[in-house]
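Worksheet: one structure, shown below.
We use all heavy atoms of the structure for the numbers below, so side chains are in, but hydrogens, waters and symmetry mates are not.
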Amino acid sequence: MEASAAAEIGSGQQSVTGVSAVDDSNSYWRVRGKTSMVCERGTPVQCGQSIRLTHINTGRNLHSHHFTSPLSGNQEVSAFGEDGEGDYLDDWTVLCSGTYWVRDGEVRFKHSSTDMLLSVTGEQYGRPIHGQKEVHGMSYSNQNNNWKVMEGIFMKPSELLKTDSYHAEL
């Protein structure tokens, strides 16, 4: 999933698109605590927990609201905010099996305010983001809203617990 700065969509916010490449540097997102909550680095994400996803390259949060997406007519998903600051419409609930979101497991993201599932289907944009797929919200569960982490930096909880002193990120 990548945030494309090339196109504005129904609300005029930055579009979020899907690509097939697993090593696209524009597809990196940081997991953060939900709005007004702190998620300490290395803490496992629980199934059912609310989070924010912040796009690494733009600093904007994965966002949704009651706007219609331009290609599929589903609910629009966009990139919103500045430097990771946005609003409560940036909160997503992690849906997974078990107790925690695990690295190799499939996960779904349910928009906390509208109950729509983060999805990508076959609708592709033309110019200027040719071939990228529309990311949107859907009301029902299917294979189009299963997500899996393909690469990234993962901190094991045991690494955090092994340190004697606590420090905050600089």
Side-chain angles (χ1 to χ4, degrees), residues 1-4 9-11 13-22 24 26-56 58-69 71-81 84-123 132-158 160:
M1 179 171 49
E2 97 178 21
S4 173
I9 48 183
S11 65
Q13 294 178 359
Q14 186 175 9
S15 65
V16 176
T17 61
V19 294
S20 299
V22 298
D24 181 357
N26 202 32
S27 295
Y28 297 144
W29 295 80
R30 181 168 47 126
V31 178
R32 302 176 62 211
K34 71 178 188 172
T35 304
S36 74
M37 297 292 288
V38 174
C39 178
E40 293 187 25
R41 185 173 47 186
T43 303
V45 176
Q46 295 182 14
C47 297
Q49 178 178 342
S50 290
I51 61 166
R52 277 178 296 166
L53 294 168
T54 302
H55 188 248
I56 297 295
T58 64
R60 295 175 186 252
N61 297 321
L62 189 66
H63 182 88
S64 194
H65 44 209
H66 292 289
F67 278 82
T68 302
S69 61
L71 300 181
S72 67
N74 290 311
Q75 183 168 295
E76 180 183 271
V77 171
S78 60
F80 176 76
E85 297 303 320
D87 63 24
Y88 70 97
L89 294 173
D90 302 338
D91 295 340
W92 297 83
T93 302
V94 177
L95 304 177
C96 49
S97 58
T99 305
Y100 298 104
W101 175 8
V102 294
R103 178 179 181 165
D104 294 327
E106 287 187 346
V107 64
R108 287 189 166 110
F109 300 101
K110 186 177 196 178
H111 191 249
S112 297
S113 294
T114 65
D115 291 332
M116 294 291 178
L117 294 163
L118 183 67
S119 303
V120 63
T121 51
E123 296 84 10
Q132 295 185 18
K133 296 180 180 179
E134 179 186 76
V135 174
H136 51 258
M138 295 177 74
S139 60
Y140 56 92
S141 179
N142 65 22
Q143 75 278 3
N144 297 320
N145 32 64
N146 288 331
W147 297 90
K148 189 172 183 180
V149 174
M150 299 307 292
E151 66 177 355
I153 299 171
F154 305 89
M155 299 194 66
K156 295 179 182 177
S158 59
L160 183 65

Can a donor-acceptor pair be found between the side chains of E123 and S72 at a distance below 3.5 Å? no
Is there side-chain contact between I56 and R30, with heavy atoms separated by less than 4.5 Å? yes
Going from NE2 on H111 to OG on S50, what distance comes out if it is rounded to the nearest 0.5 angstrom? 10.0 Å
Please confirm whether the backbone N or O of L118 pairs with a side-chain atom of W147, one donor and one acceptor, at under 3.5 Å? yes
Does a donor on one side chain sit under 3.5 Å from an acceptor on the other, for D91 and S112? no
Taking all heavy atoms of N74 and all of G137, pick out the closest pair and write down the distance. CB-O, 3.2 Å
Could you state the interatomic distance from CG (D87) to CZ (F80), rounded to the nearest 0.5 Å? 4.5 Å
What I want to check is whether the side chains of R60 and T54 have a donor and an acceptor closer together than 3.5 Å. no
Value for CG (L95) from CD (Q49), rounded to nearest 0.5 Å, stands at 12.0 Å
Under a 3.5 Å threshold, yes or no: a donor from one side chain and an acceptor from the other, between H136 and E76? no
When rounded to the nearest 0.5 Å, the distance separating CD of Q46 from OG1 of T93 is 12.5 Å
Could you go step by step and tell me if W29 and L62 meet the side chain to side chain contact (heavy atoms under 4.5 Å, CB included) rule? CA-CA 9 Å; W29 295 80; L62 189 66; 3.9 Å; yes
For the residue pair R52 and D90, what are the closest heavy atoms and their distance? CG-O, 3.4 Å
Between L53 and N61, is there a side-chain heavy-atom distance shorter than 4.5 Å? no
So CH2 of W92 and OG of S113: to nearest 0.5 Å the spacing works out to 9.5 Å
Applying side chain to side chain contact (heavy atoms under 4.5 Å, CB included) to S139 and L117, what does each step give before you reach the verdict? CA-CA 6 Å; S139 60; L117 294 163; over 6 Å; no
Do Q75 and T114 meet the criterion of a side-chain donor-acceptor pair at a distance under 3.5 Å? yes
Taking it one step at a time, do N145 and Y140 satisfy side chain to side chain contact (heavy atoms under 4.5 Å, CB included)? CA-CA 9 Å; N145 32 64; Y140 56 92; 5.7 Å; no
Within the side chain of R32, is there an N or O that forms a donor-acceptor pair under 3.5 Å with the backbone of M37? no
Residue pair Q14 / S78, side-chain donor-acceptor N/O under 3.5 Å: no
Take the angle between the ring planes of H65 and H63 and call it parallel below 30°, perpendicular above 60°, tilted in between. perpendicular
Run the numbers on V19 and K133 for side chain to side chain contact (heavy atoms under 4.5 Å, CB included), then give the verdict. CA-CA 6 Å; V19 294; K133 296 180 180 179; over 6 Å; no
Backbone N/O of G84 and side chain of H55: donor-acceptor pair under 3.5 Å: no
Atom pair CG (L71) and OG1 (T121), whose distance is rounded to the nearest 0.5 Å: 8.5 Å
